[in-house]
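Quick note: residue numbers are just sequence positions, from 1. This is a predicted model, so every value here is computed, not measured.
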Amino acid sequence: MTLGGYADNIARINLTDGKVTYEAIPEDWKRKYIGGRGLGVKYAFENGPLVDPLSPDNILCFMNGPLTGTEVNLSGRMAIVTKSPQTNTITDSHHGGWSAARLRWAGFDGLIFKGKAPKAVYAFVTEGKVEILDASELWGKGVHETIKFFQAKYGEKDLSVIAIGQAGEKLNLFANWMNEHDRSSGRGGTGCVGGSKQLKAIVIKAEKKMPKAVNKELWKDAHAKALEELSDPRVVTSPRKGGLSVFGTNVLMNMVNVIGGMPTNNSQTTFFPDHEAISGERVKETILVDDPTCHACPVACKKEVEVKDGPFAGLRMESFEYEPAWAVGANCGNDYAPGVAKVIDQCNDYGMDAIETGNVLSMYMEATEKGYLDGDDGLAWGDYMGMVALVDKIGMRQGIGDLLAQGTERAAKHFGHPEIAMTVKGMAIPAYDPRGIKGMGLGYATSNRGACHLRAYTPAAEVIGNVLGPSTITDPIEWKGKGKLVVIFQHVHTVTDCLDVCKFATFAESLDTFAAQFAAVTGMEADAAYLLKVGERVWNLERYYNNLNGFREGSDYLPERFLKEPATGPGSTGQVCELDLMLEEYYQERGWVNGVVTEKKLVELEIV
């Protein structure tokens, strides 16, 4: 049976000699791993888990799922999968916009790059074809200039550009890939891998050719149900009504702060007094100018802003979102919204993870405050002009920026104080304090790619409280039951990354609805249990990959600050994160032994 949704076409690009070959996806892999993140992880595993992340032998995968580019709501996501130079783990990072849909419309499920180009190159993707072309004149250019160059060359119509900036070229360990100026595959250093291969950009030119569902009757009902759930005025995704649609992701700034879950001043406190100044509500009142969206998305969570006065007057950018706004805002003691926008835009142009950048800055500020620096001026809390200057140094690896470009954990160790790095497995935390939101603490510790909110977004149950059904609504400072909660979220988010649809769809749509849409598009039999099993399989394959790289007992941890220093913010005062107790629950639920996947589990899930 020929499955719908898939182009059944993977392009393998050998950058060393410039040769491109095309191959089908093994049928068994479609059933076991679906696509997107799952297929990317499988390809990376088969390439060999022990590969050096920055060697030509590492592969860099740009992957779609079978729902990508279809009429399925929020189906405009792309997964970039590789071995991370920042963490030495498997990693995947996703972006929205239109590039994923256009890659599918061009006739591809994925692009897999290997080797190293002898000079800077870009991949030009058109219908059924990938060409490797010279990008020498763009090496040294920022993301914005690079994208404008290709728009002038090929025309803006039907065009998407995914590019690295100077950070990726200079092997900043948290460099990322940027899509269409402001959509980021932000975490894990995927852009650093691109830079090591001298791959500057992926340029996709493709007209809209949305794949149609195989089962049209099932599709009609499934799509209607999905739209009904997504538009329910009681949920945050409701177009033009829900908080996510009206204020963007930054609607969380006030919500998280009020419960004492906001890491502030490098997580020294859990409450930011000036949170309203950089909140989604204030942004909408003052500098919001547009609500861009992604392929097939009625939610339109993206918020474009324009600074009208002050030192950054004239700046217009799109990514004033909760995570980066927290990272370079509250976590750095910075309540100046135009300054927050400026630093995020710098990160986008240099092509580097704004979350990690904010943590690097806040760690450096704490090191300054406590006198840990030697022979450097340092950086004060809230000094947004100093932040802007320092981000330039990090992006170009100049002066102290060369050290800070190695990431929060390595820089803190250099200063002799690793305890001020709020990192797990080498990657810095996002915008939720584990003392105030304990499920997230367990999620950070057990994430397969380092500290991450997107592996198991427990705030949906602990803060927002209207996802996966009423049984998951839980007290954020209660540790009991979080082991099972985190496992459920990890499986759900893993399989949506395989489909590849936006995680915000899970805030409204049920697994039954996802399964019905998947079955309608592909023609494959599927239900909620099948999707959860795929999520479990991919999660365990990732963990097995990491186990083979030395991540074994003791690798699921949190910084000591969260375990021993009681929270001081309203809503979480006196709380610490009871990680050991939650880990015991979690490992039991997983069937692992101290963080290590058992042979029995690998056989059960058909991984070996």
Side-chain angles (χ1 to χ4, degrees), residues 54 84-86 93 95 120 135 138-149 161-179 181-196 198-201 311-312 315 317-321 323-325 327-329 331-332 334 338-365 376-379 383-411 414 427-428:
L54 296 181
S84 168
Q86 183 180 7
S93 194
H95 64 249
L138 294 171
W139 204 252
K141 306 294 186 185
V143 167
H144 298 330
E145 186 175 353
T146 298
I147 291 175
K148 289 176 182 176
F149 172 88
V161 180
I162 314 166
I164 62 170
Q166 298 95 330
E169 297 172 4
K170 296 178 180 296
L171 305 187
N172 174 312
L173 291 184
F174 50 95
N176 60 17
W177 285 91
M178 295 299 305
N179 175 47
H181 288 293
D182 293 298
R183 314 297 177 89
S184 171
S185 278
R187 313 224 66 196
T190 58
C192 181
V193 175
S196 75
Q198 298 206 94
L199 178 63
K200 179 66 176 178
F312 310 120
L315 171 65
M317 52 82 70
E318 186 186 300
S319 299
F320 204 114
E321 298 186 34
E323 302 293 336
V328 303
N331 203 36
C332 292
N334 175 21
V340 168
K342 174 62 178 178
V343 174
I344 296 172
D345 187 63
Q346 286 178 288
C347 290
N348 291 349
D349 197 29
Y350 284 120
M352 55 191 188
D353 177 11
I355 295 176
E356 188 74 32
T357 300
N359 275 275
V360 166
L361 294 172
S362 67
M363 178 278 299
Y364 190 60
M365 289 170 170
D376 190 81
D377 292 336
L379 187 64
D383 179 5
Y384 55 85
M385 294 303 293
M387 292 169 66
V388 168
L390 187 52
V391 169
D392 281 335
K393 291 181 180 179
I394 296 171
M396 298 302 292
R397 297 200 72 153
Q398 296 173 345
I400 190 64
D402 186 52
L403 169 66
L404 299 181
Q406 296 178 40
T408 308
E409 184 168 295
R410 290 171 175 84
H414 174 85
M427 194 161 82

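Qualifying side-chain contact (heavy atoms from CB on, under 4.5 Å) partners for D345, counting only residues two or more places apart in sequence or in other chains: H144, D182, L315, M317. With sequence neighbours excluded, no residue forms a side-chain hydrogen bond (donor to acceptor under 3.5 Å, both in side chains) with T190. Residues passing the side-chain hydrogen bond (donor to acceptor under 3.5 Å, both in side chains) test with N359, sequence neighbours excluded: none. A search for side-chain contact (heavy atoms from CB on, under 4.5 Å) contacts involving F312 returns V307, Y336, P338, K342, Y384, M385, V388, not counting sequence neighbours. Remark: E321 pairs with K302 by the side-chain hydrogen bond (donor to acceptor under 3.5 Å, both in side chains) rule, at least two apart or across chains. In terms of the side-chain contact (heavy atoms from CB on, under 4.5 Å) criterion, A327 has no residue partners (sequence neighbours excluded). In this structure, the side-chain contact (heavy atoms from CB on, under 4.5 Å) partners of V143, at least two apart in sequence or on a different chain, are I147, M178, D349. The salt bridge (Lys or Arg N to Asp or Glu O under 4.0 Å) test applied to K141 returns E145, not counting sequence neighbours. Applying the salt bridge (Lys or Arg N to Asp or Glu O under 4.0 Å) test to E318 and every residue at least two apart in sequence or in another chain returns R183. Looking at residues two or more places apart in sequence or on another chain, you find no side-chain hydrogen bond (donor to acceptor under 3.5 Å, both in side chains) involving T357.
Annotation: salt bridge (Lys or Arg N to Asp or Glu O under 4.0 Å) contacts involving residues 397-406, sequence neighbours excluded, comprise R397-D402.
Atom CD1 of I162 and atom OG of S184 lie 11.5 Å apart (nearest 0.5 Å). To the nearest 0.5 Å, atom CG of residue L361 and atom CE of residue M387 are 5.0 Å apart. The structure places CD1 of I394 at 14.0 Å from NZ of K170, a figure rounded to the nearest 0.5 Å. Separation of atoms CD (E409) and CD (Q86) is listed at 9.0 Å; rounding is to 0.5 Å. Interatomic distance, N331 CG to E323 CD, rounded to the nearest 0.5 Å: 11.0 Å. Here the straight-line distance linking atom NE2 of H95 with atom CG of N179 works out to 4.0 Å at 0.5 Å rounding.
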Intermediate values then yes/no, side-chain contact (heavy atoms from CB on, under 4.5 Å), S319 and N348: CA-CA 9 Å; S319 299; N348 291 349; 3.4 Å; yes
Criterion side-chain contact (heavy atoms from CB on, under 4.5 Å) on M365 and C332, from CA distance to verdict: CA-CA 7 Å; M365 289 170 170; C332 292; 3.7 Å; yes
Evaluation steps, side-chain contact (heavy atoms from CB on, under 4.5 Å), between I400 and D377: CA-CA 10 Å; I400 190 64; D377 292 336; over 6 Å; no
Pair C192-L171, side-chain contact (heavy atoms from CB on, under 4.5 Å): steps then yes or no: CA-CA 5 Å; C192 181; L171 305 187; 4.0 Å; yes
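The only member of Q406, M427, E356 that meets side-chain contact (heavy atoms from CB on, under 4.5 Å) when paired with F174 is E356.
Taking each heavy atom of A325 and F320 in turn, the nearest pair found is CB-CE2, 3.8 Å.
Within the 3.5 Å criterion, the main-chain N or O of G140 finds a donor-acceptor partner in the side chain of E169. Between the side chain of D353 and the backbone N or O of R187, no donor-acceptor pair lies under 3.5 Å.
For the pair H181 and K148, the minimum side-chain heavy-atom distance is below 4.5 Å.
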